[in-house]
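I have placed the structure first, in the form of structure tokens, so that the comments after it can refer back to it.
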Amino acid sequence: MIEFKNLNKSFGDRQILKDLNIDIPQGKIVFVLGMSGTGKSVLLKNIVGLLKPDSGEIWVDGFPVHEMSEKQMSQVRKICGMVFQQPALFDFIDVYENVAYGLRRHERLREEQIQERVVESLALVGLKGIEKKWPHELSYGMKKRVSLARTVALKPKILLFDEPTTGLDPISTSRVNELILDLSRKLGTTSIVVSHDMKSALSVADHIIVLDKGRMLSQGSPTDMRNSSEHLIQEFLQEV
Ligand SMILES: Nc1ncnc2c1ncn2[C@@H]1O[C@H](COP(=O)(O)OP(=O)(O)OP(=O)(O)O)[C@@H](O)[C@H]1O
Ligand SMILES: [Mg+2]
């Protein structure tokens, strides 16, 4: 569903992503772990064309993203939902309209259908009944979950999560993890989850990739990670 071939990305003379080769099958949940500044967000932004690679290939559901124009990229963005690291809600509309935003733009639905999706998506992130609240009335964790609901409401084939549980309490964290699992099981959604959270990765991921300074340090199943002797992976495991 998503494939990177010999992907390289630099900013000026700083090379951020170094010769990455990654293959993500449909319906799988892949966690990408790594220290701050290692290039995880840059990797996600390359998938939806917010950044372009210097060399290498990126294939998304058969589309050659590395050679597509900005205009052609709308086809890819339709199937890829991205939940950004920083929750970005529109502060001039309420929660209902924030979650409905993409549905109104991209799909032709009746208002009852929109309402159904909004209510359902908010319930999935554990925020039932907050439709009438305004973004400024919400905590950081709530904003984060509303922005998750907004993306999930579109039921994209591919979901890209940039640190979806950072800053959330343990209960909200498990709920978000359950949501990612549920979407994969029920809708066959393919997910990439960028995270620092080895505990979530071990309980949710089919496959874990560990990046170190933009390079692939290691990849494998949760069991492979538990048994890894790599120093960095050991450090991540100590947090669990
Ligand atoms: N648009 C940009 N222009 C220049 N440098 C950038 C740009 N985006 C990211 N970088 C640099 O690329 C490096 C990797 O950034 P990235 O945001 O991918 O890190 P990260 O792994 O997501 O870290 P964190 O865990 O803190 O979110 C950083 O050094 C960052 O400063
Ligand atoms: Mg980041």
Side-chain angles (χ1 to χ4, degrees), residues 2-22 24 29-58 60 65-66 68-70 73 76-77 80-89 140-141 143-148 150-151 158-169 172-173 176-177 180 190-202 204-205 207-220 225 228 230-240:
I2 304 173
E3 193 176 4
F4 301 99
K5 289 185 192 166
N6 306 107
L7 185 73
N8 288 288
K9 175 70 188 169
S10 300
F11 293 113
D13 56 6
R14 288 179 54 224
Q15 195 175 357
I16 307 296
L17 299 178
K18 296 166 190 157
D19 200 32
L20 284 182
N21 288 286
I22 300 174
I24 299 176
I29 301 172
V30 175
F31 268 62
V32 178
L33 271 66
M35 303 286 277
S36 207
T38 202
K40 304 182 296 298
S41 297
V42 169
L43 182 70
L44 286 190
K45 286 175 185 166
N46 270 278
I47 299 174
V48 289
L50 293 175
L51 291 171
K52 285 284 175 196
D54 301 329
S55 63
E57 298 178 7
I58 304 170
V60 178
V65 165
H66 51 283
M68 287 168 76
S69 68
E70 183 57 27
M73 278 308 291
V76 174
R77 290 183 190 138
C80 281
M82 176 134 170
V83 186
F84 289 95
Q85 191 163 0
Q86 294 307 326
L89 301 179
Y140 174 79
K143 280 185 196 157
K144 217 160 155 130
R145 285 184 285 155
V146 172
S147 73
L148 204 77
R150 178 174 59 187
T151 305
I158 296 171
L159 272 166
L160 309 171
F161 299 94
D162 201 345
E163 304 197 17
T165 59
T166 305
L168 297 192
D169 62 76
S172 305
T173 297
V176 169
N177 287 339
I180 296 169
T190 307
S191 297
I192 302 185
V193 187
V194 159
S195 178
H196 295 121
D197 180 3
M198 182 60 102
K199 189 170 171 224
S200 294
L202 292 176
V204 176
H207 193 78
I208 300 173
I209 288 168
V210 183
L211 296 184
D212 186 25
K213 300 186 189 80
R215 250 183 235 293
M216 171 86 70
L217 176 72
S218 180
Q219 60 173 322
M225 290 300 137
S228 170
E230 283 288 351
H231 179 69
L232 181 65
I233 296 173
Q234 286 292 329
E235 282 192 4
F236 274 113
L237 285 167
Q238 270 169 22
E239 305 274 313
V240 177

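Counting starts at 1 for both ligands and their atoms, following the listed order. Residue numbers count from 1 along this sequence.
- Residue I16 approaches ligand 1 through these ligand atoms, each under 4.0 Å from one of its heavy atoms: 12 (O), 13 (C), 14 (C).
- Here the NZ atom belonging to K9 is positioned 11.0 Å from the NZ atom belonging to K45, to the nearest 0.5 angstrom.
- What sits closest to atom 10 (N) of ligand 1 on the protein, heavy atoms only, is F11 CE1, 3.4 Å.
- Within the 4.0 Å heavy-atom shell around ligand 1 one does not find K45.
- Listed by number with element, the atoms of ligand 1 under 4.0 Å from a non-hydrogen atom of E163 are 24 (P), 25 (O), 27 (O).
- Of the protein's heavy atoms, none falls inside 4.0 Å of atom 30 (C) of ligand 1.
- Looking at every heavy atom in both residues, T173 comes nearest to L168 through OG1-O, 3.5 Å.
- Between E70 and R77, the shortest heavy-atom contact is OE2-NH1, 2.8 Å.
- Using modelled atom types, one finds a donor on one side chain and an acceptor on the other under 3.5 Å when comparing S41 with Q85.
- The distance from atom CZ of F161 to atom CZ of F31, rounded to the nearest 0.5 Å, is 9.0 Å.
- When each atom of ligand 1 is checked for a heavy atom of H196 under 4.0 Å away, the hits are 25 (O).
- Residue contact annotation: G37 has a non-hydrogen atom under 4.0 Å from ligand 1.
- Evaluated by nearest non-hydrogen atom to atom 17 (O) of ligand 1, the leading choice among G39, S10, G12, S41 is S41.
- The contact set between ligand 1 and R14, taken as ligand atoms under 4.0 Å from a residue heavy atom, comprises 28 (C), 29 (O).
- Residue, atom and distance of the protein heavy atom nearest to atom 25 (O) of ligand 1 are K40 NZ, 2.8 Å.
- Of the N or O atoms in V42, one or more lie within a sub-3.5 Å distance of an N or O in ligand 1.
- Shortest contact from atom 26 (O) of ligand 1 to any protein heavy atom: S36 OG, 2.4 Å.
- Of all heavy-atom pairs between K52 and V65, the closest is NZ-O, 3.0 Å.
- Of the N and O atoms on the side chains of N8 and D54, not one donor lies less than 3.5 Å from an acceptor on the other residue.
- Ion pairing between K144 and E163 fails under the 4.0 Å rule for side-chain N and carboxylate O.
- Shortest non-hydrogen contact noted between V83 and S147 is CG1-OG, 4.2 Å.
- The option from Q86, Q85, Q15 that lies nearest to atom 27 (O) of ligand 1, judged by heavy atoms, is Q85.
- Taking CG of L44 as the reference point, atom CG of L50 lies at 10.0 Å (rounded to 0.5 Å).
- Residue contacts to the Mg ion (ligand 2): S36 brings no N, O or S atom closer than 2.8 Å.
- An angle of 90° is found at the Mg ion (ligand 2) between S41 atom OG and Q85 atom OE1, rounded to 10°.
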